[in-house]
Novice: 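Questions regarding the structure given below will be posed in turn.
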Amino acid sequence: MDARWRGAVAGLITGLAGVVAASAVASLLNQRGGPSSSVAELIRDLTPGPVAEKLIHLVGAADKPTLQWGVLAGLMLVSAWGGVLAQRRYTSGALVFAVLAVIGAIGAVHHTGDTASALLPVLVGVVVWLVVLKFLTQPLDDRARSADAGPGAVGPVPSPQPGNHADQPAQRRTFLIRAGWTLGATAAVGIVGRYWGRSRRDVEQARDLLHLPVSAGREPAGADLAIEDLSPWRTSNADFYRIDTAFAVPTIDPADWRLRIHGMVDRELTLTYQDLQDAAITEDWITLCCVSNDVGGDLIGNAWWSGVRVADLLKRVGVHPDADAVLQTSTDGWTCGTPLAALTDERNALLAIAMNGKPLPLEHGFPVRMVVPGLYGYVSATKWLVDLKVTRFDRFDAYWTERGWAELGPVKTQSRIEVPRGGRAVAGPVTVAGTAWAQHTGIERVEVRLDGEEWQDAQLAAVPGNDTWVQWQVVVTATPGNHTVVVRATDKSGYVQTPVKQGAVPDGATGWHSISFTAEG
Ligand SMILES: Nc1nc2c(c(=O)[nH]1)N[C@H]1C(S)=C(S)[C@@H](COP(=O)(O)O)O[C@H]1N2
Ligand SMILES: [Mo]
């Protein structure tokens with residue numbers, strides 16, 4: 001093989017390795033398509049209408065794959081050229097790949113809109129390109145070849161002749177070995193990426209085909225004050241905060257899902273997804289929040305959940321009287337410990353199958369998760385749930401308790417100001433609004449204080465029960481200039497939110513939320 005060809009082959013392998021790595025990262029991050037299909041979409045979107053139509057007409061229904069393969073073929077050609085250039089001078093070849101990466105980045109951002117996660121695959125791809133390019137073209141480098149004449153060489157080093165791209169067998173061997181390794185690694189990465197991508201698509205499809213016996217829930221009358229910039233009563237699935245330790249979202253086919261309930265029980269029970277659909281479905285508004293939520297933070301959301309009451313299932317299995325906890329485990333091995341009492345009392349602790357009328361999104365625990373009103377997520381809301389063990393708190397440590405968080409995580413009474421947003425208002429009457437929560441206790445009262453004046457009662461919106469947040473609003477009178485507003489809530493147990501500031505570790509932040517704004521005259 002002529003040395004020039006070897007440069008082209010090095011470029012091809014480099015191009016392939018980067019694309020495969022980028023696609024694997026994209027599918028690990030559960031993005032649709034990798035950077036190359038994004039570039040195909042970019043080209044499609046940039047092509048003027050009539051031309052696009054002609055193109056589509058020409059290639060018929062195959063337009064999408066054709067375009068995608070076209071993009072890949074173009075990429076491979078350019079990569080080969082980059083390899084040939086790099087053989088002479090690494091930086092010229094690297095520059096070619098850098099330009100390709102910029103095009104990929106534009107495509108990715110155009111495709112998803114979410115910059116940070118869209119760019120990660122491209123970033124990984126370009127790093128792989130630059131490293132592999134160096135790795136493969138180094139043994140082809142003209143100067144390296146001449147130097148390789150070795151320390152034993154006597155006399156002037158012969159300069160490499162064109163056409164006689166000094167084909168030292170040692171260099172050829174090094175190149176072939178490196179090329180082989182790179183191809184092997186690329187194949188391995190490709191298989192992993194494929195596997196994840198496929199299982200994600202399969203499970204998404206199974207999810208789309210479900211017809212669950214659930215409703216989407218109706219906003220209770222008067223619960224949503226519909227104030228601009230105030231979070232809506234219902235948090236949509238797309239806007240719901242997400243917290244978990246899963247790098248790649250677990251993909252469980254509902255047909256394969258099983259939940260084992262065991263431990264200190266009279267009769268073990270294993271449930272299928274169909275069993276849950278056939279059981280009595282309970283639906284309720286429940287506000288879920290994270291223990292890591294700082295004062296004023298947004299790791300909280302309110303949704304209409306549909307599922308089976310855990311209390312009913314625990315009654316069926318017969319819980320031993322000396323048990324006090326349930327150890328929950330997810331398919332990826334995350335665990336949490338929940339007080340048995342919270343799962344057996346009158347509250348709607350649910351094995352949820354739907355969120356806002358839709359099967360759980362994969363990110364939120366599909367096919368089945370737990371939701372328990374009144375407890376932080378880290379001690380109750382296991383996503384991708386597969387195992388419930390009735391036990392005692394003195395017999396286990398769960399994921400976050402091993403890491404210094406409290407064993408028990410009842411939600412702390414909190415309130416948050418959301419309006420005025422952006423630190424600006426018009427002097428005169430100013431609407432201050434926000435949310436407050438004390439799940440499973442209920443909010444009794446919300447007060448607001450402007451610049452250290454008297455506390456002023458806020459008006460509370462309607463709520464369907466005690467397990468959700470409540471919206472509140474109050475009008476304060478602001479003179480032109482800078483102001484600070486503070487909020488505090490009182491819950492139905494009579495507890496008034498403490499001003500004492502505490503961080504989220506080990507059992508949830510405390511303190512009053514305040515904001516500053518400038519009133520313009
Ligand atoms: N399997 C699993 N379930 C989990 C977690 C996790 O890391 N893994 N995190 C918990 C935490 S800390 C919270 S606050 C909630 C968040 O649920 P969400 O992502 O649906 O909002 O899920 C809980 N369930
Ligand atoms: Mo959390």
Side-chain angles (χ1 to χ4, degrees), residues 29-30 117 203 207 231 234-252 257-260 284-295 297-307 310 326-339 342-343 349-389 397-412 414 435 437 439 467-469 503-509:
L29 294 175
N30 297 308
S117 65
V203 173
R207 178 177 175 274
S231 347
R234 181 206 298 267
T235 313
S236 70
N237 292 356
D239 290 340
F240 211 96
Y241 81 96
R242 177 186 165 196
I243 294 283
D244 54 62
T245 57
F247 172 63
V249 174
T251 47
I252 308 173
W257 180 84
R258 296 287 181 280
L259 175 70
R260 183 169 168 236
D284 205 355
W285 291 103
I286 298 168
T287 296
L288 178 63
C289 64
C290 183
V291 68
S292 306
N293 198 30
D294 286 326
V295 173
D298 56 7
L299 299 179
I300 181 164
N302 184 46
W304 174 257
W305 302 92
S306 313
V310 181
V326 171
L327 175 64
Q328 308 188 36
T329 308
S330 69
T331 191
D332 59 338
W334 185 84
T335 55
C336 79
T338 312
L343 301 176
L350 298 179
L351 278 186
I353 56 173
M355 182 177 182
N356 290 322
K358 292 275 180 332
L360 295 177
L362 267 61
E363 285 74 12
H364 294 289
F366 183 79
V368 180
R369 80 172 306 169
M370 178 97 74
V371 217
V372 183
L375 303 183
Y376 286 124
Y378 85 106
V379 289
S380 67
T382 310
K383 306 191 271 189
W384 316 292
L385 179 66
V386 293
D387 192 285
L388 292 178
K389 182 180 180 184
D397 280 311
Y399 187 90
W400 285 116
T401 43
E402 271 171 0
R403 290 161 175 80
W405 295 79
E407 191 166 74
L408 299 178
V411 171
K412 291 182 178 173
Q414 264 295 345
T435 42
W437 58 89
Q439 291 94 307
D467 295 340
T468 65
W469 60 17
V505 188
D507 61 358

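Numbering of ligands and ligand atoms starts at 1, following listing order. Hydrogens, waters and symmetry mates play no part in the numbers below; they use all other heavy atoms, side chains included.
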Novice: Report yes if some N/O of Arg242 lies less than 3.5 Å from some N/O of ligand 1; otherwise report no.
Specialist: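 No.
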Novice: Quick check with a 6.0 Å cut-off and a 45 degree axis cone: is Arg242 positioned over the face of Phe240's six-membered ring?
Specialist: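 Negative - Arg242 is either too far from the ring of Phe240 or too far off its axis.
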Novice: Mind checking whether Ser330 has an N or O less than 3.5 Å away from an N or O of ligand 1?
Specialist: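 Yes, since at least one N or O of Ser330 sits under 3.5 Å from an N or O of ligand 1.
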Novice: Of the protein's non-hydrogen atoms, which lies at the shortest distance from atom 17 (O) of ligand 1, and what is that distance?
Specialist: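 Of the protein heavy atoms, Arg369 NH2, 3.0 Å lies nearest.
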Novice: Measuring from atom 4 (C) of ligand 1, which candidate in Trp334, Trp384, Tyr241 has the nearest non-hydrogen atom?
Specialist: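 Considering heavy atoms of Trp334, Trp384, Tyr241, the nearest to atom 4 (C) of ligand 1 sits in Trp334.
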Novice: Of the backbone atoms (N, CA, C, O) and the side-chain heavy atoms from C-beta on, which set of Cys290 has a member under 4.0 Å from an atom of ligand 1: side chain, backbone, both, or neither?
Specialist: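 Both of them.
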Novice: Which atoms from ligand 1 have a heavy atom of Leu288 less than 4.0 Å away?
Specialist: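 Close to Leu288: 17 (O).
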Novice: Specify the protein heavy atom at minimum distance from atom 3 (N) of ligand 1: its residue, its atom name, and the distance to 0.1 Å.
Specialist: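 Of every protein heavy atom, Lys383 N, 3.0 Å lies nearest to atom 3 (N) of ligand 1.
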Novice: Where the side chain of Thr331 meets the backbone of Trp384, is there a donor-acceptor pair that is under 3.5 Å apart?
Specialist: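 Answer holds: no.
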Novice: I want to know if ligand 1 touches Asp244 in the polar sense, i.e. an N/O pair below 3.5 angstrom.
Specialist: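 No; every N/O pair is 3.5 Å or more apart.
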Novice: Would you find a donor on one side and an acceptor on the other, under 3.5 Å apart, between the side chain of Lys383 and the backbone of Ser330?
Specialist: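 The answer is no, because no donor-acceptor pair under 3.5 Å joins these two groups.
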Novice: For Ile243, is at least one N or O under 3.5 Å away from an N or O on ligand 1?
Specialist: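 Among all N and O atoms of Ile243, at least one is under 3.5 Å from an N or O of ligand 1.
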Novice: Determine whether the side chain, the backbone, both or neither of Phe240 has a heavy atom under 4.0 Å from any heavy atom of ligand 1.
Specialist: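 Phe240 to ligand 1: side-chain contact only, backbone stays beyond 4.0 Å.
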Novice: Near Tyr378, which atoms of ligand 1 are under 4.0 Å from a heavy atom of that residue?
Specialist: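 It comes down to these atoms of ligand 1: 11 (C), 12 (S).
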Novice: Check for a donor-acceptor pair, side chain of Trp285 on one end and backbone N or O of Arg234 on the other, with a separation under 3.5 Å.
Specialist: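 No, because the side chain of Trp285 does not come within donor-acceptor range (under 3.5 Å) of the backbone of Arg234.
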Novice: Quick one: closest heavy-atom pair of Val371 and Pro373, and the distance?
Specialist: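 Scanning both residues completely, I find the closest heavy atoms to be O-CD, 4.0 Å.
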Novice: Gly377 to ligand 1: N or O pair under 3.5 Å?
Specialist: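 Not met; the criterion fails.
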Novice: Quick one: look up the protein heavy atom nearest atom 24 (N) of ligand 1 and list residue, atom name and how far away it is.
Specialist: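 Ranking protein heavy atoms by distance from atom 24 (N) of ligand 1, first comes Ala381 O, 2.9 Å.
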Novice: Please check if the side chain of Thr335 supplies one atom and the backbone of Tyr399 the other of a donor-acceptor pair under 3.5 Å.
Specialist: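 Yes, Thr335 side chain to Tyr399 backbone: donor-acceptor pair under 3.5 Å.
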